[in-house]
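Just so we're clear, the structure is a prediction, and the values are computed from it rather than from any experiment. To find a chain, count down the sequence lines: A is the first, B the second, and so on, and within it residues start at 1.
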Amino acid sequence: MTSPTKGARFSDLCRTLEAVASVRGRNEKVRLLSEYLAGLPRDALPIACRFMAGTGGKTNVGWAAVNDAVREVFDTGPGAIRELYLSHGDLGVLVQELMKGGKKSVPLQREELTVPGLQAAFDELAKAGGRGSVERRKKVLVGLLLQCSGVEAKYLIKILSGELRTGATEGTVLEALGKAFAVGRVRDWYLILGDVGALADRLASGDVSEPSPRAFTPVAFMLPLPLPDARSAMAHFGKPVFGEHKYDGVRLQAHRFQEGVKLYSRRMEDVTASFPEVSSALSSLRVSAILDGEVVGFDAGRHIPFVKLQQRLHRRDVGKRMMEEVPLRYYVFDLLYLEGRSMLRSPLAERRRALEGLDLGGDLRPADRFHVEDEAQAEERFRRSRKEGYEGLVLKDPGSGYTPGRRGGLWVKLKEEMDTLDAVIVLAEWGNGKRAGLLSDYTFAIWDGGDLKPIGKAYSGLTDAEIGEMTLALQKIKVGDVWNGIVVKPAVVLEVAFDSVQRSARHSSGFALRFPRIKAVRRDKRPEDADTIEKVRSLYESTGA
DNA sequence: GTGTATCGCTGCC
DNA sequence: ATCAGACCAATTCGG
DNA sequence: CCGAATTGGTCTGATGGCAGCGATACAC
């Protein structure tokens with residue numbers, strides 16, 4: 001027996017996660033989590049929260065890295081690993097299963113893993129770079145696995161691969177924190193601090209004053225609730241609302257302070273370097289402010305399609321050429337902070353008024369805004385937005401404060417579904433996690449002359465029961481195997497919905513679909529009734545993309 | 001040794 | 001991004 | 001009026017296409 005370990009043992013965290021995963025109700029999960037969190041030492045609390053919420057950040061560890069490490073620690077071949085993965089659909093469970101067979105070797109000295117210790121190891125994994133870094137990462141992973149018990153190994157891998165599957169993520173951890181520290185305003189604080197870890201730390205510090213937005217700490221984003229049409233949207237609000245175009249670009253939060261300008265993406269990444277024009281335009285603003293809006297490609301008086309904008313996203317260095325090729329506009333639709341004052345609790349109408357008083361100009365401009373009184377106006381506005389080339393319409397409650405997530409549906413988005421396609425399943429792949437053992441992902445094709453050419457994959461839209469039936473049906477018409485699935489005889493016709501058609505080299509049809517989903521299984525149609533490449537081409541051309 | 005293609009991971013929608 | 005499923009609190013229904 | 005059934009709000013999990021970056025594998 002080792003001496004009592006100071007601080008938070010990883011094994012305790014694992015025990016808690018096991019318990020959380022094993023109970024069904026959310027309330028029960030919250031109770032278990034809050035009991036655990038309340039007893040944690042201060043240094044471990046934020047880390048444990050991030051681990052449990054799955055917001056620990058990038059680890060550079062995925063399937064391949066785990067596979068490599070596992071083959072070093074256990075006496076197994078690729079075949080056995082593949083088989084175990086197929087039957088469980090979870091890397092963590094796979095490792096736990098392998099642990100039952102024992103490791104190749106044991107460490108000279110077993111050390112108790114602690115939560116902060118693990119964080120240090122994860123930092124090492126995330127930071128490792130340069131020649132030989134793959135090997136170094138493998139060493140770290142192998143070292144950790146050698147110290148782990150079965151359950152620890154399972155959760156180690158689950159945390160690293162970002163697939164916890166305990167039925168509790170950020171929302172539940174937040175609730176548990178509120179309960180553990182008996183604070184009701186946790187949601188509001190979370191919005192401002194933007195991270196469960198930072199929130200936990202503040203709670204633990206005993207500081208009960210409400211935080212205020214701060215320079216260069218991104219605020220969690222408010223998101224719209226998707227609704228199918230103008231009628232349901234107006235029924236949802238039951239009163240006049242503000243309307244804005246739905247711009248097809250990327251969400252951007254701008255911090256403009258004396259010390260400088262920084263830009264944040266939806267995942268709250270610092271993306272300042274990707275948008276130098278936006279930064280410099282903001283520099284000339286005379287006030288300190290936090291703005292929320294959408295960056296859109298804009299050239300020669302026209303908005304350019306997202307696929308084009310995509311080509312300059314994520315670039316560490318945006319060259320002059322890119323800046324000329326894909327010019328930008330930043331449409332600002334919200335103001336979260338102005339001259340030392342938080343605007344989060346101010347109603348939208350007031351935030352907009354303040355925003356429109358800011359004198360934005362050039363490529364920096366307030367988003368168009370209009371009043372929508374009733375369903376007919378909503379419908380008319382939506383049509384007009386679509387005709388002018390926007391993705392759709394966003395409706396907002398003018399009296400609402402700025403709140404994180406979709407909560408409350410205070411913002412609602414309306415998009416338009418394109419025409420659907422009837423396509424034939426030609427290949428099916430095995431699912432992961434709760435879809436282990438099921439053929440859950442279907443590659444479908446359309447006719448090009450006498451040939452079936454794949455045009456996309458879809459996994460969503462079917463019920464669990466339908467996926468089950470599909471698995472049986474497809475196995476009956478299997479004609480071959482591929483790496484993660486089976487090739488099938490063209491027989492099953494799907495009606496597939498999507499948002500737009502793109503040119504693409506991914507599929508041999510030369511096209512791909514944006515946001516494909518299964519609308520229906522067309523049992524009434526035979527494969528020869530599926531749509532043709534001519535229809536796809538005309539859909540592509542009609543969108544003007 | 002240099003240049004290029006591919007893989008693995010991540011983050012936009 | 002998308003969708004389905006599960007849970008929970010609040011509201012409505014049936015007697 | 002009480003307990004049961006229904007509804008609406010939220011959260012969770014499984015996965016789509018495109019693209020960059022960094023490390024490594026491969027061609028010469």
Side-chain angles (χ1 to χ4, degrees), chain A residues 23-30 53-54 57-68 89-90 125-126 128-137 161-175 223 225-226 236 247-252 265-269 271 274 294-295 305-318 391 405-409 413 415 417 429 431-436 438 440-444 455-467 496-507 511-519:
Chain A
V23 299
R24 291 183 61 108
R26 242 179 77 80
N27 291 347
E28 190 66 2
K29 289 180 197 283
V30 167
K58 67 172 136 215
T59 57
N60 284 326
V61 172
W63 217 98
V66 172
N67 189 256
D68 268 6
D90 183 295
L125 287 170
R131 232 186 130 65
S133 58
V134 169
E135 200 55 32
R136 283 207 300 286
R137 281 207 293 272
S161 62
E163 293 170 331
L164 229 53
R165 297 194 252 246
T166 56
T169 63
E170 205 158 19
T172 311
V173 174
L174 270 183
E175 216 173 299
L223 302 170
L225 176 76
H236 169 85
Y247 299 93
D248 195 6
V250 294
R251 190 80 176 267
L252 197 69
S265 70
R266 221 184 95 163
R267 291 280 304 263
M268 299 193 275
E269 298 278 320
V271 291
S274 299
E294 186 98 354
V295 177
F306 182 78
V307 280
K308 182 87 184 161
L309 172 65
Q310 205 157 224
Q311 290 167 7
R312 70 165 277 183
L313 296 178
H314 312 124
R315 280 172 195 268
R316 168 162 298 183
D317 299 302
V318 180
E391 226 191 336
R406 298 193 162 76
R407 201 162 54 101
K413 68 173 164 183
K415 295 203 336 186
E417 200 161 83
E429 288 166 274
N432 303 295
K434 66 183 176 188
R435 292 185 175 175
L438 294 167
S440 62
D441 192 336
Y442 317 112
T443 300
F444 47 84
I455 189 174
K457 300 206 290 180
Y459 60 91
S460 91
L462 294 188
T463 63
D464 289 357
E466 286 170 320
I467 294 172
V496 180
F498 49 91
D499 280 23
S500 62
V501 178
Q502 304 165 343
R503 273 241 108 93
S504 164
R506 171 167 302 239
H507 302 288
F511 293 98
L513 309 177
R514 175 138 85 136
F515 308 141
R517 58 259 191 197
I518 302 164
K519 199 85 199 258

Quiz item: For Lys413(A), which contact category applies under a 4.0 Å heavy-atom criterion: base, sugar-phosphate, or nothing?
Solution: sugar-phosphate
Quiz item: So what does Ile518(A) touch, heavy atoms closer than 4.0 Å: a base, only the sugar-phosphate, or nothing?
Solution: nothing
Quiz item: With side chains defined as the heavy atoms from C-beta onward, is the minimum distance between Lys519(A) and Val496(A) less than 4.5 Å?
Solution: no
Practice problem: Could you check whether Asp464(A) gets within reach of a base, just the sugar-phosphate, or nothing at all, counting any heavy atom under 4.0 Å? | Solution: sugar-phosphate
Practice problem: Give the rounded distance in Å between these two atoms: CZ of Arg137(A) and C1' of dA23(D). | Solution: 8 Å
Quiz item: Would you say Leu223(A) and Arg251(A) make side-chain contact, with heavy atoms under 4.5 Å?
Solution: yes
In a table with atom names and distances, give each donor-acceptor pair under 3.5 Å that connects a side chain of residues 58-66 of chain A to protein atoms at least two apart or in another chain.
residue	atom	partner	partner atom	Å
Thr59(A)	OG1	Val61(A)	N	3.2
Thr59(A)	OG1	Leu160(A)	O	3.0
Asn60(A)	ND2	Ala126(A)	O	3.2

Considering only nitrogen or oxygen atoms on both sides, find all protein atoms under 3.5 Å from nucleotides 9-12 of chain D and state each distance.
residue	atom	partner	partner atom	Å
dT10(D)	OP1	Gly408(A)	N	3.0
dT10(D)	OP2	Gly408(A)	N	2.5
dC11(D)	OP1	Arg187(A)	NH1	3.0
dC11(D)	OP1	Arg187(A)	NH2	2.7
dC11(D)	O3'	Arg26(A)	NH1	3.1
dT12(D)	OP1	Thr169(A)	N	2.8
dT12(D)	OP1	Thr169(A)	O	3.4
dT12(D)	OP1	Thr169(A)	OG1	3.3
dT12(D)	OP1	Thr172(A)	N	3.0
dT12(D)	OP1	Thr172(A)	OG1	2.4
dT12(D)	OP2	Thr169(A)	OG1	2.8
dT12(D)	OP2	Gly171(A)	N	3.3
dT12(D)	O5'	Thr169(A)	OG1	3.1

Quiz prompt | Nucleotide nearest Ala512(A) (side chain, heavy atoms from C-beta), chosen from dC12(B), dG16(D), dC18(D) | solution = dC18(D)
Quiz item: Roughly, in whole Å, what's the span from CD in Gln310(A) to C1' in dG17(D)?
Solution: 8 Å
Quiz item: Can you find a donor-acceptor N/O pair under 3.5 angstrom joining the side chain of Glu163(A) to the base of dG13(D)?
Solution: no
Exercise. Send over the distance from Arg267(A) CZ to dT10(B) P, rounded to a whole Å.
Key: 10 Å
Practice problem: Report the residue (Asn432(A) or Arg312(A)) whose heavy-atom-nearest nucleotide on DNA chain D is the more 5′ of the two. | Solution: Asn432(A)
Quiz item: Arg316(A) side chain: which of dT2(C), dG16(D), dG22(D) is closest?
Solution: dG22(D)
Self-check item: dC9(B) OP1/OP2 closer than 4.0 Å to side-chain N/O of Ser161(A)
Solution: no
Self-check item: Contacts of type ring pair (Phe, Tyr, Trp, His ring centres under 6.0 Å), residue Tyr442(A), not counting sequence neighbours
Solution: none
Quiz item: Taking the side chain as C-beta and beyond, is there a heavy-atom pair between Val295(A) and Tyr247(A) under 4.5 Å?
Solution: no
Quiz item: With the threshold set at 4.0 Å, does a side-chain nitrogen-carboxylate oxygen contact exist between Arg514(A) and Asp248(A)?
Solution: yes
Quiz item: Do the charged groups of Arg165(A) and Glu163(A) touch, with an N to O distance under 4.0 Å?
Solution: yes
Quiz item: Counting side-chain heavy atoms from CB outward, which of dC18(D), dC12(B), dT10(B) is closest to Val271(A)?
Solution: dC12(B)
Quiz item: How would you list, by chain and number, every residue that makes a side-chain hydrogen bond (donor to acceptor under 3.5 Å, both in side chains) with Thr172(A), sequence neighbours excluded?
Solution: Arg26(A)
Quiz item: For dC3(C), does OP1 or OP2 lie under 4.0 Å from any side-chain N or O of Lys519(A)?
Solution: no
Practice problem: Under 4.0 Å between any heavy atoms, over every strand shown, what does Ala65(A) touch: base, sugar-phosphate, or nothing? Just pick one. | Solution: sugar-phosphate
Quiz item: Reckon Ser460(A) has a side-chain N or O less than 4.0 Å from the OP1 or OP2 of dG16(D)?
Solution: no
Quiz prompt | Nearest-neighbour nucleotide for the Ala64(A) side chain, dA6(C), dG16(D), dC9(B) considered | solution = dC9(B)
Exercise. Looking at every strand, decide which applies to Phe515(A) at a 4.0 Å heavy-atom threshold: base, sugar-phosphate, or nothing.
Key: base
Quiz item: Which of the following nucleotides, dG22(D), dG11(B), dT2(C), is nearest to the side chain of Arg517(A)?
Solution: dT2(C)
Self-check item: Side chain of Gln311(A) (C-beta onward), nearest among dA19(D), dC13(B), dC9(B)
Solution: dA19(D)
Self-check item: Residue-phosphate contact under 4.0 Å: Arg506(A) side-chain N/O, dG16(D) OP1/OP2
Solution: no
Practice problem: Check whether any side-chain nitrogen or oxygen of Arg514(A) sits under 4.0 Å from OP1 or OP2 of dG17(D), and answer yes or no. | Solution: no
Could you pull out the protein-nucleic contacts involving nucleotides 3-6 of chain B (nitrogen or oxygen on both sides, under 3.5 Å)?
none

Quiz item: Base, sugar-phosphate, or nothing for Lys308(A), non-hydrogen atoms under 4.0 angstrom?
Solution: nothing
Quiz item: Does a side-chain N-to-carboxylate-O contact under 4.0 Å join Asp499(A) and Arg517(A)?
Solution: yes
Quiz item: Is it true that the NZ or CZ of Arg503(A) lies under 6.0 Å from the centre of Phe511(A)'s six-membered ring and within 45 degrees of the ring axis?
Solution: yes
Self-check item: Phosphate OP1/OP2 of dT24(D) contacted by Arg131(A) side-chain N/O (<4.0 Å)
Solution: no
Report each atom pair, protein N/O against N/O of nucleotides 9-12 of chain C, whose distance is under 3.5 angstrom.
residue	atom	partner	partner atom	Å
dA9(C)	OP1	Asn27(A)	ND2	3.2

Quiz item: Charged N to carboxylate O under 4.0 angstrom, Lys457(A) versus Glu429(A)?
Solution: yes
